[in-house]
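Working notes for the structure below.
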Amino acid sequence: MESRNGNHACGGPYRVATYSPGMVGFGHIRRNASIAQALRSSTLRPAVVMIAEAWQAGALPMPAGVDCVTLPSLRKDAEGLYTSRFVDISDQDILAVRGGVIRGAMEGFHPDVLIVDHLPLGAARELAGTLSLLRRRHGMRCVLGLRDVLQDRDTVHRLWSERALVSALRDCYDAIWIYADPTTYDLVRECGILGEFADRVRYTGYLDQRPRLELARPWTERL
């Protein structure tokens, strides 16, 4: 793999960005934190920037070589609409702020790889513009990361059949990582999704949480 931005050729690190949508729970940012730590422990040792909501990113210790670009927080109301969790601004404004921060981070950081957790288009489709921008950059790679059990089969099949989502997978993603063992639970087979993209699907096995927990031990011992 050659670094798109040329850093590898002059001895600098690869650059990896990760995205977590935030309001769907801490499990998503924990996964990205575990991935960042594993990458930093590998021979590749990339520079890693995590994009996440501020209140979540501040709750996790980060390994050396990893930093965060933080977003204002969202919540999903009873009607399924995305609204600001803390800041008293309109739905449109909070999404505009988040989308602008994400685009600015990607334009400044110039990652070789972007790893997106859970939502191909991001929360409220906030990644759509950024993905279109990144795909115009030669050599840039985008990866979607999924846990094995998403929701019940019918809901998963309905959601993942949406035209915009399928188009995003087709046009913007080079690989789909499923953090699971298919002999335990095969998301593709059980839910009847991603068949069109079978050549891009990779089962990584379950992520080892022990290194992340060990990193957090000094934090927890002070509590």
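Computed from a predicted structure; not experimentally measured. As a basis for the values below, the full set of heavy atoms in this structure was taken, side chains included, without hydrogen atoms, waters or symmetry mates.
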Problem set entry | Chi angles and distances behind the side chain to side chain contact (heavy atoms under 4.5 Å, CB included) call for Leu133, Leu131 | CA-CA 5 Å; Leu133 172 70; Leu131 289 172; over 6 Å; no

For this session: Show your reasoning for whether side chain to side chain contact (heavy atoms under 4.5 Å, CB included) applies to Val69 and Phe109.
Result: CA-CA 11 Å; Val69 173; Phe109 185 54; over 6 Å; no

Of all the heavy-atom pairs spanning [X] and [Y], show the shortest one and how long it is.
X      : Y      : result
Ala168 : Tyr173 : O-CD1, 3.5 Å
Gly122 : Tyr19  : CA-OH, 3.4 Å
Met106 : Ala17  : CE-CB, 3.6 Å
Asp181 : Thr183 : OD1-OG1, 2.7 Å
Arg15  : Gly108 : NH1-O, 4.3 Å
Leu127 : Pro120 : CD1-O, 4.2 Å

Indicate yes or no for a side-chain donor-acceptor contact from [X] to the backbone of [Y] under 3.5 Å, with no hydrogens or angles considered.
X      : Y      : value
Ser167 : Ala164 : no
Glu53  : Leu74  : yes
Asp77  : Leu81  : yes
Arg163 : Val166 : no
Arg98  : Glu126 : no
Thr184 : Ala180 : no
Arg40  : Ala64  : yes

For a 4.5 angstrom cut-off between non-hydrogen side-chain atoms, does [X] reach [Y]?
X      : Y      : result
Arg45  : Pro13  : no
Arg147 : His118 : yes
Leu146 : Trp177 : no
Arg202 : Ile176 : no
Leu165 : Leu159 : no
Asp112 : Met140 : no
Leu39  : Tyr14  : no
Ile178 : Val188 : yes

Could you give the distance from [atom1] ([X]) to [atom2] ([Y]), rounded to the nearest 0.5 Å?
X      : Y      : atom1 : atom2 : result
Thr155 : Leu150 : OG1   : CG    : 10.5 Å
Glu162 : Leu121 : CD    : CG    : 9.0 Å
Tyr179 : Thr204 : OH    : OG1   : 6.5 Å
Ile193 : Arg158 : CD1   : CZ    : 13.0 Å
Asp117 : Arg30  : CG    : CZ    : 11.5 Å
Ile89  : Ile94  : CD1   : CD1   : 4.0 Å

Problem set entry | Chi angles and distances behind the salt bridge (charged side-chain N to carboxylate O under 4.0 Å, His left out) call for Glu196, Arg170 | CA-CA 9 Å; Glu196 178 182 345; Arg170 181 184 302 116; 3.0 Å; yes

For this session: For the residue pair Tyr203 and Asp148, confirm or rule out a side-chain donor-acceptor distance under 3.5 Å.
Result: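 Asp148 and Tyr203 do not have a side-chain donor-acceptor pair below 3.5 Å.
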
Exercise. According to a 4.5 Å side-chain heavy-atom criterion applied to Ile, Leu, Val, Met, Phe, Trp and Tyr, with indirect links allowed, do Leu144 and Tyr185 form part of one hydrophobic cluster?
Worked result: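 Yes.
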
Problem set entry | Stepwise side chain to side chain contact (heavy atoms under 4.5 Å, CB included) check, Val66 with Met50 | CA-CA 7 Å; Val66 179; Met50 298 176 62; 3.8 Å; yes

For this session: Please say whether more than 12 non-hydrogen atoms of neighbouring residues, nucleotides or ligands are located less than 6.0 Å from CG in Asp152.
Result: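 Atom CG in Asp152 is crowded, with more than 12 foreign heavy atoms closer than 6.0 Å.
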
Problem set entry | Derivation and outcome, side chain to side chain contact (heavy atoms under 4.5 Å, CB included), residues Leu114 and Val143 | CA-CA 6 Å; Leu114 170 63; Val143 176; over 6 Å; no

Exercise. Taking the six-membered ring for Trp, are Trp55 and Phe86 parallel (under 30°), tilted (30 to 60°) or perpendicular (over 60°)?
Worked result: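 It falls in the perpendicular class, over 60°.
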
Exercise. Does the salt bridge (charged side-chain N to carboxylate O under 4.0 Å, His left out) test come out yes or no for Arg200 and Asp174, once each step is laid out?
Worked result: CA-CA 7 Å; Arg200 306 183 198 183; Asp174 302 282; over 6 Å; no

